[in-house]
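One structure below.
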Amino acid sequence: MPELPEVETVRRGLNQFTLNQKITGGDVLLHRTIAYPSSPSEFVTAIQGSAIAAWHRRGKYLLAELSDSGGALGVHLRMTGQLLWLQQDEPLHKHTRVRLFMAENRELRFVDQRTFGQMWWVPPDVPVESVMTGLGKLAVDPFSAEFTTEYLATKLQKRRRPIKTALLDQSVVAGLGNIYADEALFLSGVLPNTLCTDLHQEQIERLRSSIIQVLQTSIEAGGTTFSNFLNVKGVNGNYGGVAFVYNRDGEPCRVCGTAIKRTKLAGRSSHFCEQCQRAS
DNA sequence: TATATTTCCTGACTGC
DNA sequence: TGCAGTCAGGAAATAT
């Protein structure tokens with residue numbers, strides 16, 4: 001499932017291959033993939049004729065600036081979404097949802113098995129947040145200068161909920177998902193069910209640096225292999241082999257050898273080492 | 001207001 | 001082998 005490192009890997013690939021490519025047409029195979037406008041044909045008409053000026057990332061959202069005030073194109077991969085840079089005559093994948101046609105017989109193909117992924121067209125001179133509403137409550141990016149210990153402490157203070165649940169909340173940290181939340185908690189030595197109100201200052205500082213570290217490591221490795229994530233050229237990442245806890249329940253901790261445990265918090269599985277991680 | 005739960009969906013997996 | 005049930009998870013909607 002794409003989290004910040006996978007989305008960032010996709011963004012870099014898109015900036016490498018699709019810049020200045022003019023969108024000559026499109027085909028929406030699954031209507032509900034288009035979150036805005038409500039009509040898929042209106043979506044295609046709106047972006048047709050524009051070129052892609054730059055790809056940006058905000059949390060797990062991708063945003064393409066369109067040339068000549070064509071507005072913007074927003075994409076969220078959700079669980080299983082993939083953006084692939086292909087030749088148009090490449091056989092259609094079973095779960096192809098949207099095709100954006102470019103020059104020289106190329107296309108940007110959106111493939112999404114579980115159909116949770118979404119695309120938006122943001123009209124020019126309209127605040128992006130008014131169309132892509134999820135952006136409105138998005139927290140700061142973990143790689144930004146604003147992501148300080150003070151910022152995180154403020155977000156967590158007086159919250160009586162488990163830290164794992166808080167880390168998955170995109171209004172607390174932008175871009176974390178289940179995999180990297182578990183990994184960051186392991187690196188910082190904090191148990192996932194620790195209440196935010198019980199965290200000490202030094203634990204919050206460790207958590208902040210662990211979040212940055214685990215995300216940075218994965219970006220450098222080109223994403224993860226925990227899921228069916230593929231970069232824009234259809235190639236797997238290679239982070240999976242070095243996960244400390246995620247999806248390793250029953251296996252020995254890589255640090256102390258204790259069996260990794262799994263519990264459920266807010267409907268999501270959480271993996272931890274009860275020897276290396278403490279509540280406080 | 002804050003937090004928890006449900007919902008959307010498909011394919012892999014498990015047990016019978 | 002085939003079927004039914006369960007599980008996985010991001011984020012919006014709904015419930016507590």
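In what follows, every heavy atom counts, from backbone to side chain, and hydrogens, waters and symmetry copies are set aside. Note that the structure is a prediction, hence the values are computed from the model and not measured. Labels below follow one simple rule: chain letters A, B, ... track the order of the sequence lines, proteins then strands, and each chain is numbered from 1.
Contacts of A/Asp198 classified as salt bridge (charged side-chain N to carboxylate O under 4.0 Å, His left out), with partners at least two apart in sequence or in another chain: none. Here A/Arg11 pairs with A/Glu8, A/Asn15, A/Trp55, A/Arg57, A/Leu62 under the side chain to side chain contact (heavy atoms under 4.5 Å, CB included) rule; sequence neighbours left out. Residues forming a salt bridge (charged side-chain N to carboxylate O under 4.0 Å, His left out) with A/Lys164 (at least two apart in sequence, or on another chain): A/Asp182. Remark: A/Arg109 engages A/Glu107 in a salt bridge (charged side-chain N to carboxylate O under 4.0 Å, His left out) (not counting sequence neighbours). Under the side chain to side chain contact (heavy atoms under 4.5 Å, CB included) criterion, A/Gln213 pairs with A/Leu187, A/Thr217, not counting sequence neighbours. Considering only residues two or more places apart in sequence or on other chains, A/Pro127 meets the side chain to side chain contact (heavy atoms under 4.5 Å, CB included) condition with A/Glu129, A/Ser130. Scanning for salt bridge (charged side-chain N to carboxylate O under 4.0 Å, His left out) contacts around A/Arg78 gives an empty result, with sequence neighbours left out.
For the segment residues 154-163 of chain A, no residue has any heavy atom less than 4.0 angstrom from an atom of DNA chain C.
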Which letters describe nucleotides 8-13 of chain C, given B = protein heavy atom under 4.0 Å from base, S = only from sugar-phosphate, - = neither? BBBBS-
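Using the six-membered ring where Trp is involved, A/Phe244 and A/Phe186 have ring planes that are parallel, under 30° apart on the 30 and 60° scheme.
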Could you go through residues 149-156 of chain A and list every donor-acceptor pair under 3.5 Å that involves a side-chain atom there, pairing it with any protein atom two or more places apart or in another chain?
{"from": "A/Thr149", "atom 1": "OG1", "to": "A/Glu205", "atom 2": "OE1", "distance (Å)": "2.2"}
{"from": "A/Tyr151", "atom 1": "OH", "to": "A/Val140", "atom 2": "N", "distance (Å)": "3.3"}
{"from": "A/Tyr151", "atom 1": "OH", "to": "A/Val172", "atom 2": "O", "distance (Å)": "3.4"}
{"from": "A/Thr154", "atom 1": "OG1", "to": "A/Glu150", "atom 2": "O", "distance (Å)": "2.8"}
{"from": "A/Lys155", "atom 1": "NZ", "to": "A/Ser171", "atom 2": "O", "distance (Å)": "2.9"}

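On the nucleic acid side, DNA chain B has its first and last nucleotide under 4.0 Å of a heavy atom of chain A at B/dT3 to B/dG11, going 5' to 3'.
Judged as a side chain to side chain donor-acceptor pair (under 3.5 Å), the pairs with a partner in residues 39-49 of chain A (not counting sequence neighbours) are, in order, A/Ser39-A/Ser41.
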